[in-house]
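Note that the structure is predicted; figures quoted are calculated from it, not measured. What you see below is based on every heavy atom in this structure, not just the backbone, and it leaves out hydrogens, waters and symmetry mates.
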Amino acid sequence: LYEQKNDEASGKNPLSFLFDPYESKIPKEVQKEIYEAEGNTSAAKDRNKRVAIYTLIAVTGVFMAFFNFFISELRVSETPDGALFSLQESNFGWVDGNFLTQFLFMN
């Protein structure tokens, strides 16, 4: 309640903490010490590895979604002579070749 009154008196928006989530209420004297202690925990040491794995999973998922869209568009498109497009004739027969790739890329 005190902070809200203080923010209103200083002209700051009472919801300004939403716009700057990294602003810390920790005193500057102990902030560096706290961050160093947090950086030495086992969770912090493995953080870069976890972020890299999550990024790889996300990029793989986005690639698979785009490839799924591409294959789906090929399957419903027609060739210039009016016949439906064949994945076998266009070197994408491997997509329909086994259960896993069929499940992942064939809707």
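Applying the side-chain contact (heavy atoms from CB on, under 4.5 Å) rule to Ile57 yields the partners Ile53; only residues at least two apart in sequence or on another chain are considered. Partners of Ser42 by side-chain contact (heavy atoms from CB on, under 4.5 Å), not counting sequence neighbours: none found. In terms of the side-chain contact (heavy atoms from CB on, under 4.5 Å) criterion, residue partners of Val62 (sequence neighbours excluded) are, by chain and number, Phe66. With sequence neighbours left out, Phe67 forms a side-chain contact (heavy atoms from CB on, under 4.5 Å) with Phe70, Ile71, Phe92, Trp94, Val95, Phe105. In this view, Asn98 and Thr101 satisfy the side chain to side chain donor-acceptor pair (under 3.5 Å) rule, not counting sequence neighbours. Glu38 meets the salt bridge (Lys or Arg N to Asp or Glu O under 4.0 Å) test with Arg47; sequence neighbours excluded.
Note: the hydrophobic cluster containing Tyr54 does not contain Leu56 (ILVMFWY, side chain heavy atoms under 4.5 Å, direct or indirect links).
Gly39 and Ala44 get closest at one heavy-atom pair: O-CB, 3.6 Å. Here the shortest heavy-atom pairing between Asn40 and Lys45 reads O-CE, 3.3 Å.
Within the model, atoms CG of Asn68 and CE of Met106 stand 9.5 Å from one another, a figure rounded to the nearest 0.5 Å.
By the neighbour-count criterion of 12 heavy atoms within 6.0 Å, atom CD of Glu33 is sparsely surrounded, having that number or fewer from other residues, nucleotides or ligands. At most 12 non-hydrogen atoms from other residues, nucleotides or ligands lie less than 6.0 angstrom from CG of Asn91.
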